[in-house]
Q: 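This is the structure I want to talk about, given as structure tokens.
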Amino acid sequence: MPYIVGRKIKSVRVLNHKIVAGKGTKRVGSIDNTVKFTEILIGKKIIDIKRRAKNLIIVLNDHSILLVHLKMTGQLVFQPLPKSLPKREGLASSIVKGGHPIQESENKLPHKHTYIIFELDSGTLYYNDVRQFGYVLYFENETVLETEKHFDGIGVEPFDKEFTHAYFQYEVEKLKKRKIKTPIKKILLDQKIVVGCGNIYCDEVLWKSGVLPTRAISKLSNEEIKKIYNNIIDILDKAINSGGSSVANYLLADGKRGNYADYHNVYQKQDTACKKKGCPGIIKKTTFVGRGTHFCPAHQK
DNA sequence: CCTAACCCCTGCTTGC
DNA sequence: TGCAAGCAGGGGTTAG
């Protein structure tokens, strides 16, 4: 799994400066000089990869950091150097490759949406991003991440021991007083209590919990809060174990697609029968809190 | 302090 | 068949 840990960066090519400039982030223009971004990374070794919410933190040997956010269509795909071929097959192989590409054209890298190419000493790491919403930012060290408050105001990790039922219950109770009418979907989407529930998993969690996305948090029962808590962990766990949903352009690090979409119960299931046992409902889709929102009007209350 | 609206961007889908 | 408009969405910023 950690394909790139321990590898050294030999060269970096930035084909779209916006990805490294930090526009639309809390770090506007900190490094907007593509040359500087490129040069500062050469020779550094990748020693660790961490994650905080939906951010990827690539740690280098001098403890500088690449902060990566893929947003919806970003991809970080690693292709190892091809294994050296036996002498006799070497020539034949190169001929075959000329006329009959081994890979599908869409898998060929780099392609028109490849915006950064990291040459490592064992292969190549590509940053691709059709919609260019994502970013790869350089930080001198982890302290800078903190001082620049990049992660300020975001909630706990769903798989952290901090994320207990008691914590979730307590945080929801607090909001019940301040944000009486705020719908539960908005609370889950804004990442302030717990991170990880994007639009797909919000809809899935609420479907499984039998709670309408529009329901005001002040009207949630303790039992419903507990269901939502359990389902956040359950659904995110299952999604991760099946490699994510790959709804748009999401890929695993080796370029393969995840298959959690096969298990979706509501997301993009509008006008189909509700999959809850014995439920007569037909899944509906609306726009709510600025997002496509899917729910079963029969069993979600 | 809050919320709603807008912005970034391209590819796919829909409608005429 | 073509073309334009609409939609998708994480999360930041801006306006009110």
Side-chain angles (χ1 to χ4, degrees), chain A residues 14-32 51-57 67-76 104-107 110-116 127-137 139 145 148-155 157-158 174-206 213-214 216-218 236 239 244-251 257-258 260-261 264 266-271 284-294:
Chain A
V14 177
L15 306 171
N16 180 343
H17 74 278
K18 277 184 270 187
I19 305 296
V20 303
K23 201 184 174 192
T25 74
K26 292 178 182 174
R27 199 169 216 249
V28 177
S30 284
I31 289 199
D32 55 1
R51 181 189 57 75
R52 176 69 178 105
K54 298 171 187 171
N55 300 269
L56 210 52
I57 301 171
L67 181 71
V68 183
H69 199 306
L70 302 174
K71 295 293 176 78
M72 273 101 57
T73 57
Q75 305 172 333
L76 217 39
E104 299 293 320
S105 61
E106 64 173 26
N107 293 330
H111 55 51
K112 63 187 283 199
H113 299 299
T114 297
Y115 295 127
I116 310 179
Y127 179 83
N128 312 314
D129 193 351
V130 169
R131 291 181 216 174
Q132 306 169 36
F133 279 15
Y135 49 81
V136 180
L137 304 181
F139 290 81
L145 272 184
E148 295 191 9
K149 300 174 186 292
H150 207 88
F151 295 142
D152 259 27
I154 63 170
E157 292 291 331
K174 274 202 295 188
L175 288 184
K176 273 186 175 183
K177 294 167 193 162
R178 293 200 296 121
K179 304 189 177 192
I180 298 166
K181 292 179 181 173
T182 306
I184 180 63
K185 175 156 179 174
K186 186 168 164 50
I187 299 294
L188 292 180
L189 272 183
D190 77 9
Q191 315 286 303
K192 287 197 175 80
I193 296 180
V194 58
V195 303
C197 283
N199 197 46
I200 296 173
Y201 302 122
C202 261
D203 284 4
E204 294 293 326
V205 165
L206 293 172
T214 49
I217 47 164
S218 59
L236 289 179
S245 297
S246 285
V247 163
N249 295 61
Y250 175 82
L251 296 179
R257 293 175 69 87
Y260 187 70
H264 286 176
V266 270
Y267 186 77
Q268 290 182 347
K269 299 292 180 190
Q270 58 269 30
D271 306 323
K284 292 279 173 283
K285 181 185 177 187
T286 56
T287 296
F288 182 63
V289 294
R291 293 290 176 264
T293 296
H294 314 72

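Atom set for the values below is all heavy atoms of this structure, side chains included, hydrogens, waters and symmetry mates excluded. Residue numbers start from 1 in every chain, and the chains themselves are labelled A, B, ... in the order their sequence lines are given, proteins ahead of strands. The model shown is predicted, which means the values in this text are computed figures rather than measured ones.
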Q: Using a cut-off of less than 4.0 Å, is there contact between a side-chain N or O of Tyr267(A) and OP1 or OP2 of dG9(C)?
A: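 For Tyr267(A), the contact criterion (side-chain N or O under 4.0 Å from OP1 or OP2 of dG9(C)) is met.
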Q: Between atom CG in Leu188(A) and atom C1' in dG10(C), what is the gap in whole Å?
A: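 Interatomic distance, CG of Leu188(A) to C1' of dG10(C): 15 Å.
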Q: Any chance you could measure Ile19(A), atom CD1, to Ile116(A), atom CD1, to the nearest 0.5 Å?
A: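 Going from CD1 on Ile19(A) over to CD1 on Ile116(A), the span is 6.5 Å.
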Q: Between Lys185(A) and Asp203(A), does any side-chain N to carboxylate O distance fall below 4.0 Å?
A: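 Salt bridge: yes.
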Q: Output the single nucleotide from dG10(C), dC1(B), dG9(C) whose closest atom is nearest the side chain of Arg178(A).
A: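 Nearest to the side-chain atoms of Arg178(A), counting from C-beta on, is dC1(B).
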Q: Would you mind reading off the distance between Lys18(A) atom NZ and dC7(B) atom P, rounded to a whole angstrom?
A: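 So the two atoms are 15 Å apart, to the nearest Å.
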Q: Using atom NZ of Lys71(A) as one end and atom P of dG12(C) as the other, report the distance to the nearest whole Å.
A: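 From Lys71(A) NZ to dG12(C) P: 7 Å.
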Q: Donor-acceptor pair under 3.5 Å: do we get one between Arg27(A)'s side chain and the base of dG12(C)?
A: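 When only heavy-atom distances are counted, Arg27(A) does not reach the base of dG12(C) through any donor-acceptor pair under 3.5 Å.
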Q: Output the rounded distance in Å from NE2 (His264(A)) to C1' (dA8(C)).
A: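 After rounding, the gap between these two atoms is 15 Å.
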Q: Side chain of Lys285(A): nearest nucleotide among dG10(C), dA8(C), dC2(B)?
A: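 The nucleotide sitting nearest to the side chain is dA8(C).
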Q: Could you tell me the separation between the CZ atom of Phe288(A) and the P atom of dA5(B), rounded to a whole number of Å?
A: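 Value for this atom pair: 12 Å.
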Q: Roughly how many Å is it from CG in Asn55(A) to P in dG10(C), rounded to a whole number?
A: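 It works out to 14 Å between those atoms.
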Q: Keeping Glu204(A) on the side-chain end and His264(A) on the backbone end, is there a donor-acceptor pair under 3.5 Å?
A: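 No; zero donor-acceptor contacts below 3.5 Å.
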Q: Rounded to whole Å, please give me the gap between CD1 in Ile200(A) and P in dG11(C).
A: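 To the nearest whole Å, that distance equals 13 Å.
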Q: If each of His113(A) and Phe133(A) is mapped to the nucleotide of DNA chain B with the nearest heavy atom, which maps nearer the 5' terminus, i.e. the 5' end?
A: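 Nearer the 5' end of the strand: Phe133(A).
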Q: Angle class for the His69(A)/Tyr135(A) ring planes (parallel below 30°, perpendicular above 60°, tilted otherwise)?
A: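 His69(A) vs Tyr135(A) ring planes: tilted.
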Q: Confirm from the modelled atom types if Arg291(A) and dA8(C) form a donor-acceptor pair under 3.5 Å, side chain to base only.
A: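 By the distance-only test, no, there is no pair.
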Q: CD of Gln75(A) versus P of dC9(B): gap in Å, rounded?
A: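 So the two atoms are 19 Å apart, to the nearest Å.
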Q: Does a side-chain N or O of Lys112(A) approach OP1 or OP2 of dC9(B) to a distance below 4.0 Å, or not?
A: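 Checking dC9(B) against Lys112(A), no side-chain N or O comes under 4.0 Å of OP1 or OP2.
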Q: As an exercise, state the distance from CD1 of Ile187(A) to NZ of Lys176(A), rounded to the nearest 0.5 Å.
A: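 Reported value, rounded in 0.5 Å steps: 12.0 Å.
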Q: Kindly say if Gln191(A) contacts the phosphate of dG10(C), meaning a side-chain N or O under 4.0 Å from OP1 or OP2.
A: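 For Gln191(A), the contact criterion (side-chain N or O under 4.0 Å from OP1 or OP2 of dG10(C)) is not met.
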Q: When you measure from the side-chain N and O atoms of Lys54(A) to the phosphate of dG11(C), is any distance below 4.0 Å, counting only OP1 and OP2?
A: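 Yes, within the criterion.
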Q: Name the closest nucleotide to the Lys26(A) side chain, picking from dG12(C), dG11(C), dA8(C).
A: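 The nucleotide sitting nearest to the side chain is dG12(C).
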